[in-house]
Amino acid sequence: MSSSKLLRGTFILTLGVLLSRILGIVYVIPFYQLVGKQGGALYSYGYVPYTIFISIATMGVPLAVSKFVSKYNALGEYHVGRKLFRSGLVLMSATGFVAWLILYVSAPLIAPFVVNEDGPGNSIHDVTLVIQTVSFALLIVPVMSLIRGFFQGHESMGPTALSQVVEQLVRIIFLLAGCYMVLRVWHGSLVTAIRFATFAAFVGALGGLGVLIWYWIKRKRFLDELLQKDRGTLHLSLKEMYKELVLYAAPFVFVGLAMPLYQLIDQFTFNKAMASIGLGAISEDAYSIFNVYAQKLVIIPVTLATSFSLTLIPTITKAYVQNNRKQLRKYLNDTFQIVIFLTLPAVVGMALLAEYVYAAFYSYDPLGTEVLRWYAPTAILFALFSVTAAILQGINKQKFTMISLTGGLLVKLCLNYYLIAKFETIGAILATTLGYLLSVLFNLWIIQRYTKYRYGFVLRRTTFMAILTAVMSVVVVPIVKLVEKLLHYNGSVIHSLMIVFVGGIVGAAVYFYLSERSQLLYYLFGDRFSFLRKKRKKAVS
């Protein structure tokens with residue numbers, strides 16, 4: 001595979017993922033206006049179990065199948081990948097059906113752990129119906145994942161990227177249109193609206209699968225021609241194939257399950273803990289703010305940072321395999337620095353502007369402000385967990401990711417109820433933070449142990465970035481207060497958007513300027529910003 005084709009494929013896939021995630025964030029704004037806090041909580045009650053079941057049912061298939069097919073295609077054994085594809089369609093159909101059946105049947109058993117029957121919000125019956133409705137997507141998504149992985153293994157990223165975007169678009173359109181029609185036109189119940197919203201996962205999956213089938217029809221002739229070039233020297237049994245596939249897939253499953261499992265612990269403990277301290281009446285509103293709406297905002301800087309830094313993982317793998325300690329140290333330095341460089345100012349800025357950010361996306365809410373301000377810094381740990389888990393996979397120590405995740409989840413499980421009872425909604429954030437902190441520290445220790453990597457340099461750079469971020473904050477805060485005074489801020493969406501825009505632009509400009517003047521920008525990104533040096537030299541001369 002040529003480097004230009006590799007870069008093109010990586011760009012297409014990254015763009016598809018980014019567009020899909022942006023759509024997944026933006027739709028929450030009108031969704032909140034339609035269903036409010038109680039609807040958001042009910043939606044989450046269905047979606048969190050579904051996310052866990054879909055992770056298990058697909059078993060990390062897209063990336064694992066991609067790696068498997070690519071390996072045997074490179075050996076000229078094209079029939080191996082096709083054989084896996086044919087049997088995999090049957091297997092994924094079966095696992096999808098079993099996952100759907102288990103989730104659908106177990107919904108009445110899950111619901112009582114989520115809400116109290118005598119509570120003022122959603123009932124056990126409501127939660128049961130929503131979980132059963134979203135479960136139907138499990139019939140399609142595993143098959144779709146396999147097809148995506150097969151195309152990626154043939155170095156074709158377009159089908160995956162386009163199907164992801166179409167799936168998300170169809171899902172969002174159906175979700176918002178369904179909620180609008182039920183609530184505003186037919187004047188139906190909130191439960192019916194949320195059932196439409198969760199069933200949108202099935203409809204969106206149909207759209208994504210339709211794109212993949214179209215690509216299959218279009219490219220089948222080319223794929224069949226590859227079979228004619230097959231060397232035919234390898235004859236792997238299905239047992240051997242799936243054993244290799246499971247080894248590839250296991251790490252992806254555990255990393256993908258991290259966030260949903262943390263959310264599941266909250267789902268089972270939050271309402272009961274709040275009720276135990278006499279806050280049962282507001283527990284669902286608080287839950288939706290923390291676990292749905294604020295969480296969507298916190299994930300934004302994580303997505304940007306990890307997308308950029310994970311591009312360095314293949315080079316880390318290569319340096320480790322070749323035992324090139326110097327290059328490995330450089331790549332690890334670059335990866336950690338880029339994560340901190342992009343995430344730190346973003347989360348500090350979000351915490352500083354929490355009141356306006358939350359109001360701009362949803363509506364003015366004192367609890368939303370407090371939750372976002374506390375939750376934003378945890379995004380650094382989310383990003384570091386993803387990156388350190390990828391590094392562990394790159395150095396073939398992925399089993400430790402499972403250990404670190406399990407340890408973090410145990411911390412969350414043991415402390416969540418107590419901390420919620422002690423600090424209300426903020427307690428759930430503290431438990432999540434402590435859980436992720438343990439996982440990240442463990443991953444960092446394992447990386448140091450097996451690569452002999454030392455963190456002194458990164459810690460010094462992180463301190464420097466923290467100083468730049470502090471300077472940025474000192475500049476942004478008075479400017480934001482001035483704009484607030486000039487606007488006679490009243491908590492409206494328009495005023496909040498204007499303040500976020502001004503604060504964001506000023507903060508980014510200050511941070512970028514300080515990074516450029518201190519040469520940090522060039523140390524991290526090389527010649528990508530060399531044009532700035534040339535402009536400054538011309539201006540001086």
Side-chain angles (χ1 to χ4, degrees), residues 1-14 16 58-93 95 142-164 209 211-253 310-324 390 393-396 398:
M1 186 179 187
S2 66
S3 59
S4 60
K5 189 174 181 182
L6 175 64
L7 288 172
R8 179 176 174 271
T10 303
F11 173 76
I12 291 172
L13 191 57
T14 303
T58 55
M59 299 181 294
V61 158
L63 290 171
V65 169
S66 170
K67 190 173 180 180
F68 183 95
V69 172
S70 178
K71 171 185 172 180
Y72 288 100
N73 281 1
L75 296 172
E77 303 289 345
Y78 299 102
H79 76 283
V80 176
R82 183 65 72 90
K83 182 179 179 181
L84 176 73
F85 179 67
R86 285 196 299 265
S87 66
L89 286 175
V90 177
L91 179 64
M92 288 295 98
S93 298
T95 58
V143 172
M144 186 167 59
S145 299
L146 178 82
I147 301 173
R148 284 172 176 168
F150 182 73
F151 276 121
Q152 287 172 229
H154 282 83
E155 303 170 1
S156 179
M157 307 302 174
T160 295
L162 185 60
S163 69
Q164 284 179 330
L209 183 61
V211 171
L212 293 171
I213 291 172
W214 177 77
Y215 268 108
W216 173 258
I217 294 170
K218 185 180 176 183
R219 300 199 177 164
K220 189 175 186 302
R221 183 178 175 183
F222 165 74
L223 294 170
D224 288 342
E225 287 174 358
L226 289 178
L227 291 178
Q228 303 303 316
K229 303 175 185 178
D230 188 76
R231 293 177 60 190
T233 57
L234 284 177
H235 301 283
L236 296 178
S237 67
L238 287 176
K239 182 180 178 181
E240 290 172 316
M241 286 185 186
Y242 284 115
K243 183 179 179 181
E244 185 175 345
L245 196 67
V246 168
L247 289 174
Y248 290 157
F252 297 119
V253 176
L310 288 177
T311 59
L312 293 169
I313 299 304
T315 56
I316 289 173
T317 303
K318 184 178 179 182
Y320 180 77
V321 171
Q322 294 176 347
N323 200 28
N324 189 335
Q393 185 186 352
I395 64 174
N396 203 29
Q398 52 265 33

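Throughout, residue positions are numbered sequentially from 1 according to the sequence presented.
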Could you pull out the closest heavy-atom pair between [X] and [Y], with the gap in Å?
X    : Y    : answer
T95  : P142 : OG1-CB, 4.3 Å
V143 : S93  : CG2-OG, 3.4 Å
M144 : L209 : SD-N, 3.5 Å
L89  : L146 : N-CD2, 3.2 Å
G81  : F150 : O-CE1, 3.8 Å
W216 : L223 : CZ3-CD1, 3.4 Å

[X] vs [Y] side-chain heavy atoms within contact, under 4.5 Å:
X    : Y    : result
F85  : V69  : no
I147 : Y215 : no
Q164 : V211 : no

Nearest-0.5 Å distance that lies between atom [atom1] in [X] and atom [atom2] in [Y]:
X    : Y    : atom1 : atom2 : answer
Y78  : Q228 : OH    : CD    : 12.0 Å
T160 : L212 : OG1   : CG    : 7.0 Å
R82  : H154 : CZ    : NE2   : 7.0 Å

